[in-house]
Amino acid sequence: MAANGTLIGHEGYDRAGEVKQFDDSKLGVKGLVDSGLSSIPRIFIHPPETLQQLNPTTRPDVEPIPTIDLSGHRAAVVDQVSGACRKFGFFQITNHGVPSVVLDRTIAAVKAFHEQPTEAKARFYRREMGHGVSYLSNVDLYTSKAASWRDTIQVRLGPVPADGDDVPEICREEIAAWNKEIQRLGEEMLGMVSEGLGLPAGKLKEMTCLEGRVMAGHYYPPCPQPDLTVGLTSHSDPGVLTVVLQDHIGGLQVKHGDTWVDVKPVPGALVINVGDLLQIISNEEYKSVDHRVLANPSDEPRVSIAVFLNPSNREGVFGPLPELVSPEKPALYKQFTFSEFMMRFFTKGLDGKTLVNYYKLQ
């Protein structure tokens, strides 16, 4: 580890310059892999304190992340969803009504986009979401201590979706179809999450929490030195709920207590996780949790597609819901606008749960 530390802090190493050079190349990590490199560039090597935590810590006695069958009796399913949101902040769902052919097509389309030649993807490479579509490597490239081994295509799905012509043709129809499924499923999940707090099923939808949807189609190429980097650094999501479709490769881990737990791919399942905003709105009844993705050690790429459910009312004021505040349990967080909340998230980079802690009342 000392050698890695020396490498990161080497006097002749212009990290900012190398980051900019990588970004300007528009190659992405996939382009680096295609160039035939056998070792990763220095900008991707994480500090020793991060790398030391990557060793497997899952113990045999650790409870696995729950998998909930949505076809059960609604009251029982709501209880299971509520319990998972309180205890784990993460769970998988089966029998969710999305046809398996749609799951497969969505993953195949995002994979196909990333596996195009660099010149076909380069025109979408940008860091701003003005057009509603951006292809980039590492949303936090300029704010993180080290880059991570993944590329991403982001597409705004709502409240004003990206213009169809701006979405790459190779995945346009599949993303539109995925958005329709997410709208239906997202409403169902927000309803159960609301009921689990003792609120009307429509409460979170009324707060516009289904309308601000953004899709991130992640591509994790095989990594020649997976012990020196990560696929996605430890962080919690800022929004309300995240719906994740992952392929069969694995690598997603969730922090439960002091242990990292694998979220093992379940065929046909979707992963749901609580975001920071839902932890705050629920006055900490529900918990958002740190999660990460290990660098991909396999010979084939890993693909995952996350849709973040956020309020579209960006200037609305958010904080613990009055219905969940009492003399016995006063508000644990201050109020803020969602636009201020998200600005702080993107300024700080992907860095654990510092966002939630910032808004906590002392």
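Excluded from the calculations below are hydrogen atoms, water molecules and symmetry mates; all remaining heavy atoms, backbone and side chain alike, are included. Residues: numbered from 1 along the sequence shown.
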Colleague: Does NZ belonging to Lys264 count more than 12 external heavy atoms closer than 6.0 Å?
Modeller: no

Colleague: Can you tell me if CD on Glu340 sees more than 12 non-hydrogen neighbours from other groups inside 6.0 Å?
Modeller: yes

Colleague: Parallel, tilted or perpendicular: which describes the rings of Phe113 and Phe124, with under 30° parallel and over 60° perpendicular?
Modeller: perpendicular

Colleague: Could you check whether atom NZ of Lys334 has more than 12 heavy atoms from other residues, nucleotides or ligands sitting under 6.0 Å from it?
Modeller: yes

Colleague: Does Arg292 use its side chain to pair, donor to acceptor, with the backbone of Val254 at less than 3.5 Å?
Modeller: no

Colleague: Okay, side chain of Ser148, backbone of Arg150: is any donor-acceptor separation there less than 3.5 Å?
Modeller: no

Colleague: Would you sort out whether Trp149 and Tyr220 count as a ring-ring contact (aromatic ring centres under 6.0 Å, His included), showing the intermediate values?
Modeller: CA-CA 6 Å; Trp149 204 250; Tyr220 301 86; over 10 Å; no

Colleague: Could you check whether any side-chain N or O of Arg156 sits under 3.5 Å from a backbone N or O of Val160, counting only pairs where one atom can act as donor and the other as acceptor?
Modeller: yes

Colleague: Are the side chain of Asn313 and the backbone of Met207 linked by a donor-acceptor contact shorter than 3.5 Å?
Modeller: no

Colleague: Take atom NZ of Lys360 as the centre, draw a 6.0 Å sphere, and report whether it contains more than 12 heavy atoms from other residues, nucleotides or ligands.
Modeller: yes

Colleague: Determine whether the side chains of Glu174 and Thr106 contain a donor N or O and an acceptor N or O closer than 3.5 Å.
Modeller: no

Colleague: Near Arg15 CZ, under 6.0 Å, is it more than 12 heavy atoms from other residues, nucleotides or ligands?
Modeller: yes

Colleague: Check whether any side-chain N or O of Arg126 sits under 3.5 Å from a backbone N or O of Arg123 as a donor-acceptor pair, and report yes or no.
Modeller: yes

Colleague: Any donor-acceptor pair under 3.5 Å linking the side-chain atoms of His218 with those of Thr152?
Modeller: yes

Colleague: Flag the pair Lys205 and Glu187 as a salt bridge only when some basic side-chain nitrogen lies within less than 4.0 angstrom of an acidic carboxylate oxygen.
Modeller: yes

Colleague: Is the distance from the ring center of Tyr125 to that of Tyr135 below 6.0 Å?
Modeller: yes

Colleague: Is it true that a side-chain atom of Arg314 and a backbone atom of Pro311 form a donor plus acceptor pair closer than 3.5 Å?
Modeller: no

Colleague: Should Lys203 and Glu323 count as an ion pair when the cut-off is N to O under 4.0 Å?
Modeller: yes

Colleague: Okay, side chain of Asp151, backbone of Lys30: is any donor-acceptor separation there less than 3.5 Å?
Modeller: yes

Colleague: I'd like to know if Lys111 pairs up with Asp247 as an ion pair, taking the criterion as any Lys NZ or Arg NE/NH1/NH2 lying under 4.0 Å from an Asp or Glu carboxylate oxygen.
Modeller: no

Colleague: Looking at Phe341 versus Phe318, is the centre-to-centre ring distance below 6.0 Å?
Modeller: no

Colleague: Determine whether a donor-acceptor pair (N or O, by modelled atom type, separation under 3.5 Å) exists between the side chain of Asp104 and the backbone of Ala108.
Modeller: no

Colleague: Can a side-chain donor-acceptor contact be found between Arg213 and Asn310 if the only test is distance below 3.5 angstrom?
Modeller: no

Colleague: Does either side chain, that of Glu211 or that of Ser312, offer a donor lying less than 3.5 Å from an acceptor on the other one?
Modeller: yes

Colleague: Does the structure place the NZ or CZ of Arg302 under 6.0 Å from the centre of the six-membered ring of Tyr219, at an angle of no more than 45° from the ring's axis?
Modeller: no

Colleague: Are there more than 12 heavy atoms of other residues, nucleotides or ligands under 6.0 Å from atom CD of Glu49?
Modeller: yes

Colleague: Check Lys287 with Glu284, please: is the shortest side-chain N to carboxylate O separation under 4.0 Å?
Modeller: no

Colleague: Return yes if some donor-acceptor pair links the side-chain N/O of Gln225 with the main-chain N/O of Ile40 below 3.5 Å, else return no.
Modeller: yes

Colleague: Looking at His46, is its backbone amide N or carbonyl O close enough to the side chain of Thr50 to form a donor-acceptor pair, meaning the two atoms are under 3.5 Å apart?
Modeller: no

